[in-house]
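See structure below.
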Amino acid sequence: MKRLSTLITPLVLSILMAAVLPATPVKAETVKYKRTLERYIIPDLALINQDGKRVRLRSILKSDTPVIVDFIYGTCTTICPVLSAGFTNLQSKLGATGQNVRLVSITIDPENDSPKVMKDYLKRFRARPGWDFLTGSRADIDVVMKAFNAYIPDKMSHYPLNMILVPRDGSWVRLLGIMSSREFLEEYQRVAGKR
Amino acid sequence: MRLNLISKDITVSQSVFSLFFPVSLIIIVVSLVLLHPFNIAAAVSNPAATHLSKPEIMRLGERMYRDGVLPSGDPAPAFIRGDVEVDSRAFSCSSCHLRAGLGSFEGGVATPPTTASKLYKPYRRPPSIGDIPDRAGRYTYSKTVLERPAYTRETLAKALRFGTDPAGQIFNDIMPRYPLDDSDMDILISYLESLSLAPSPGVSSREFRFATIITDDVNQEDRQALLQSLQSFIDQKNHQLALYNDFVKFGYTPTIDMKYSFSQASIDVWELKGNSKTWQGQLVSYNISKPVFAILGGISNKSWQPIHDFCEAQRIPCLFPITDLPVVSATGWYTYYFNKGYGQEGEAVARYLHRLENLPVETPILQIVQDSPAGRALAAGFEGSWHELERPAVTTLTLTAQQLHDQTSLNKLLKKHKPAVLLLWTDAGPLPNLTTLVAGLALPGKVFISSGYMGNKTANIPETVRSRVYITYPYRLSPYVGTRDSAYDATIPTLSSAKDFGDRRIASRTTAMLKQTLLRGLNLLFDNLYRDHLLDIMSTQMDQIVRDYERLSFGPGQRYASKGCYIIQLGAGANPALLPRSEWVIH
């Protein structure tokens with residue numbers, strides 16, 4: 001009986017609380033993230049990937065399948081893990097259907113993010129092949145951020161941003177904000193022409 | 001874990017939500033109770049972890065909090081954004097709430113405190129500008145709620161599992177939901193109840209006590225350079241406090257920022273004498289007789305290892321000591337270094353050589369290491385990085401200072417090994433023979449030396465071989481434009497000539513540390529007087545442009561603030577220009 005009451009009391013309390021408390025503190029908004037269509041001129045410069053290999057940004061962003069780009073860094077506390085968990089999840093969901101999504105994370109902490117730091121980061125997020133993490137000189141990284149209209153003078157003031165390359169016309173879908181995994185998948189599929 | 005965030009990510013409109021909210025919550029609560037594989041109510045009223053000792057609960061709780069690992073050793077299961085399963089080892093509580101549990105603000109996300117001492121009190125804050133959407137399109141993705149009642153163990157468990165606060169407000173999706181079983185939940189909450197509970201030793205709301213550490217191998221001049229910088233900082237703090245007291249006496253009301261920005265400060269000098277094996281005991285006795293909140297700066301010509309170990313064991317922050325022999329570790333927490341010292345110079349050479357496109361993989365490289373802490377640290381830095389780059393090991397010869405003076409045997413060694421690249425990790429001893437050494441190399445015949453270890457005699461390298469000699473230089477090369485904050489004084493030379501090689505920049509580096517990084521940390525502590533919190537704040541600060549380095553950068557877990565080291569060559573003449581041959585940071 002005691003056990004039953006310990007089970008039921010909090011439940012009844014929760015129900016009562018839920019009924020009594022006004023719901024106004026929770027602000028509901030229909031727009032969760034901002035979606036715009038953009039054109040970017042990709043700078044022709046070489047960055048370094050997690051394997052220490054030099055790669056030309058233009059060539060890896062020239063693709064006939066969608067490519068998703070985000071800006072993160074290896075020791076970031078809050079939004080990078082969320083963005084990266086989104087990448088992990090997208091890779092695994094699309095992988096299950098035989099689609100191989102191409103993901104490119106670009107560091108905004110180029111001084112600390114060496115190939116080793118980036119490789120460890122990808123491992124931590126169980127990244128599969130097709131997800132590259134790029135670093136470079138601070139000057140080059142600044143150029144890349146500016147090209148994507150995402151320049152920030154300091155990594156601490158960054159914001160969650162994903163950009164999907166639309167291969168058929170070279171435009172980009174810019175997604176500002178945190179999306180649920182379902183929304184992220186839908187945005188990708190829209191670009192990939194799967195839905 | 002992030003608690004208490006108001007969610008903006010709800011798809012239904014405000015009015016519909018208001019109507020259905022209580023009903024939907026009932027449905028959610030009922031279904032979760034009925035369907036969940038574990039018994040929620042029993043989780044708290046009948047903790048399953050009571051058979052464990054208190055230290056064991058703390059150890060397991062700390063591991064869950066910091067590493068996202070359950071007592072069973074498995075990663076803690078967690079979900080974000082509703083349906084994304086995350087591996088808590090990559091995204092643990094301390095990732096956002098930081099080690100002291102007092103939260104963070106990063107990437108437009110406000111992460112509130114998660115210590116029970118804060119959670120078990122009601123919370124209320126004034127409205128802020130972030131509450132109003134930004135017309136430019138950048139908005140604060142999540143912010144703390146305006147108010148909520150105090151948590152209890154029960155409501156805290158519910159918050160961690162289902163993401164609602166005691167008032168029913170739903171957390172932002174970024175905060176993971178943790179379906180923990182009763183015992184694990186009990187352990188985690190017990191840890192949160194102990195986290196940042198009592199203020200750290202050496203501090204009160206009125207006074208910060210600091211110490212600095214000087215070892216007995218440091219000369220009088222270096223000692224004075226350090227102490228003067230520190231004393232001037234302490235004097236300035238106390239001077240400001242006197243002004244603040246007058247301000248209050250005259251009837252002005254201080255702002256909250258002001259209230260916490262001014263406090264008495266004092267500094268002791270912990271002198272370490274004799275063999276470094278005895279330092280540990282000396283440090284322990286200083287710390288027992290008068291504990292301090294943090295160690296500011298310090299200086300030694302010997303390895304910092306024993307002091308580093310003491311600070312790790314006693315959990316005392318040690319901020320930016322002047323040392324060329326720091327501990328290079330990926331897990332060290334309590335000591336903040338300017339850089340990796342000699343190790344960083346060795347690393348830079350490895351990365352530079354690795355990137356040289358016209359250097360064949362099979363190029364023979366010989367490393368001549370002076371048998372000294374500096375020589376060994378340079379070699380270790382090079383070897384660690386070279387190995388990480390998956391390059392084959394190089395030939396290493398460790399020689400005494402006396403052997404390095406013996407030109408005939410050095411020539412024999414070169415003839416035997418026929419290196420095309422020579423890493424000369426020595427002091428200035430072999431410099432007079434440098435021309436002969438360069439002549440003994442196979443092509444392309446490059447020699448790498450350390451500006452710090454070779455010192456100011458490097459300026460004497462004969463012009464005929466300067467094109468073959470590459471020098472590590474871990475300091476600023478571009479002109480420095482200081483700010484008032486950085487106590488910039490145009491009359492102080494910036495030491496960017498070969499004649500300044502080996503200058504330890506004690507005053508300028510220590511002053512930059514105090515005024516550009518520590519002060520910011522102290523001012524943001526407010527009434528959270530915890531050593532771990534100071535480190536958390538300092539590690540999430542903006543980058544700093546300082547006199548001696550191109551940049552100091554920070555980040556949780558990053559403990560070497562300056563990441564750069566140029567590879568330079570000398571120009572012509574008696575006062576040669578320093579010609580950069582690499583980026584500041586080489587990858």
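What you are looking at is a predicted structure, and each value in this text was computed from that prediction instead of being measured. Here is how names work: the chains are called A, B, and so on, in the same order as the sequence lines, proteins then strands, and each is numbered from 1. In what follows, every heavy atom counts, from backbone to side chain, and hydrogens, waters and symmetry copies are set aside.
Residue contact with chain A, scored on non-hydrogen atoms closer than 4.5 Å, is absent for B:Leu389. Contacts of B:Arg351 with chain A are made by side-chain atoms alone, with heavy-atom separations under 4.5 Å and no backbone atom involved. Looking at A:Asp109, only its side chain comes within 4.5 Å of chain B, counting heavy atoms on both sides. Heavy atoms closer than 4.5 Å to chain A are found nowhere in B:Ser562, neither backbone nor side chain. For B:Gln541, the part sitting under 4.5 Å from any heavy atom of chain A is the backbone (N, CA, C, O) and nothing else. Proximity to chain A (any heavy atom under 4.5 Å) is shown, for B:Glu106, by both the backbone and the side chain. Using a 4.5 Å cut-off between heavy atoms, B:Glu357 touches chain A through its side chain atoms alone.
Residues passing the side chain to side chain donor-acceptor pair (under 3.5 Å) test with B:Asp87 are B:Arg89, sequence neighbours excluded. B:Ser553 meets the side chain to side chain donor-acceptor pair (under 3.5 Å) test with B:Lys563; sequence neighbours excluded.
By the 4.5 Å heavy-atom criterion applied to side chains, A:Asn112 and B:Tyr560 are not counted as neighbours. Within the 4.5 Å cutoff, no side-chain heavy atoms of B:Val86 are placed close to those of A:Pro81. Looking at heavy atoms from C-beta onward, B:Glu550 lies out of side-chain contact with A:Arg138 at the 4.5 angstrom threshold. A:Lys155 is listed as a side-chain neighbour of B:Asp543, based on a closest heavy-atom distance under 4.5 Å.
Listed in order of number, the residues of residues 88-98 of chain A that approach chain B to under 4.5 Å between heavy atoms are A:Asn89, A:Lys93. Using a 4.5 Å heavy-atom cut-off against chain B, the contacting residues of residues 117-134 of chain A are A:Arg124, A:Phe125, A:Arg126.
Note that the CD1 atom of B:Ile80 and the OG atom of A:Ser180 stand 11.0 Å from one another [nearest 0.5 Å]. Of the inter-residue distances, the one linking A:Thr78 atom OG1 with B:Phe91 atom CZ reads 7.0 Å to the nearest 0.5 angstrom. Taken from CD in A:Glu111 to CD in B:Gln558, the straight-line distance is 9.5 Å, to the nearest 0.5 Å. Put simply, CD1 on B:Ile586 and CD1 on A:Ile48 are 10.5 Å apart, with the number rounded to the nearest 0.5 Å. Rounding to the nearest 0.5 Å places CG of A:Asp154 at 9.0 Å from CD of B:Gln544.
Across every non-hydrogen atom of B:Ser539 and A:Met156, the tightest pair is O-CE, 3.9 Å. Across all their heavy atoms, A:Pro110 and B:Val585 have their closest contact at O-CG1, 4.5 Å.
Summarising the local packing, CZ of A:Arg39 is surrounded by more than 12 heavy atoms from other residues, nucleotides or ligands at distances under 6.0 Å.
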